Amino acid sequence: MSDNPEPLSPMQRIWWIVGMIPSGTITSYGKVADMAGLPGRARYVSRALKLAPTELSLPWHRVVNAQGKIAFAADTAPFREQTQLLRSEGVMVNQGKINRSEYEWHPDIATLVLGMPF
DNA sequence: AAAGTGACTTGTA
DNA sequence: TTACAAGCCACTT
């Protein structure tokens, strides 16, 4: 029998989940937290993305707040970058706002399991 | 050590 | 709909 895999840390679970978000779709910090087994820890997700190694090249831009709005202040470089990245994959962004019902990611368990890093 | 901050969310008003 | 308070908690002052 093979040994059990090393369990992923909370931050690693967040990175894995964000990495699974398909191009052209979005989800929220709170949803990612819930999926990672960290209910009520939306802020932890934002920190995890900020600390994520660039080598992972995570699609961090596909994570917005619960109102479907880009979390960065409108007059900042990251706000403009996120807007550009989302538009480049076909997501309509107006004044930093996105229609969640139109672009929401609806993950299926099979895809998630097959995407697990072990 | 204590207070402030933030890439958040939810409940109330 | 907008606004504000709590809850959240690691990190920075």
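Below, chains carry the letters A, B, ... as their sequence lines are ordered, and counting in each starts from 1. If you're wondering where the values come from, they're calculated on a predicted model, not measured in any experiment.
Taking the side-chain contact (heavy atoms from CB on, under 4.5 Å) definition, one finds that A48(A) meets it with M11(A), I14(A), W15(A), sequence neighbours left out. Not counting sequence neighbours, the partners of Q12(A) by the side-chain hydrogen bond (donor to acceptor under 3.5 Å, both in side chains) test are S9(A). E89(A) meets the side-chain contact (heavy atoms from CB on, under 4.5 Å) test with S23(A), H61(A), R62(A); sequence neighbours excluded. In this view, R87(A) satisfies the side-chain hydrogen bond (donor to acceptor under 3.5 Å, both in side chains) rule with no residue, not counting sequence neighbours. Residues satisfying the side-chain hydrogen bond (donor to acceptor under 3.5 Å, both in side chains) criterion with T111(A), sequence neighbours excluded, are D108(A). For A77(A), the side-chain contact (heavy atoms from CB on, under 4.5 Å) partners are R80(A), not counting sequence neighbours. With sequence neighbours left out, the side-chain contact (heavy atoms from CB on, under 4.5 Å) criterion links T25(A) to I21(A), P22(A), W105(A).
Atom NZ in K31(A) sits 4.5 Å away from atom OG1 in T27(A) (nearest 0.5 Å). Taken to the nearest 0.5 Å, the CD atom of Q82(A) stands 11.0 Å off from the CD atom of Q84(A). To the nearest 0.5 Å, atoms CE (M92(A)) and OH (Y103(A)) are separated by 5.0 Å. L49(A) contributes atom CG, which lies 7.0 Å from atom CG of L58(A) (distance to the nearest 0.5 angstrom).
A 4.0 Å heavy-atom criterion places the boundary nucleotides of DNA chain B facing chain A at dG6(B) to dT10(B), written 5' to 3'. Extent of DNA chain C lying under 4.0 Å from chain A heavy atoms, first and last nucleotide in 5' to 3' order, is dG7(C) to dA10(C).
The cationic group of R47(A) does not satisfy the cation-pi geometry with Y44(A), failing either the under 6.0 Å distance to the six-membered ring centre or the 45° limit from the ring axis.
If L51(A) and R43(A) are placed on DNA chain C by their nearest nucleotide, the residue sitting closer to the 5' end is R43(A).
In the region residues 61-95 of chain A, proximity to DNA chain C at under 4.0 angstrom, judged on heavy atoms, holds for none of the residues. DNA chain B lies under 4.0 Å from at least one heavy atom of each of the following residues of residues 26-41 of chain A: S28(A), Y29(A), G30(A).
The separation of dA7(B) from dT2(C), taken at their C1' atoms, amounts to 22 Å, rounded to a whole angstrom.
Among pairs with a residue in residues 16-28 of chain A, none fulfils salt bridge (charged side-chain N to carboxylate O under 4.0 Å, His left out), at least two apart in sequence or across chains.
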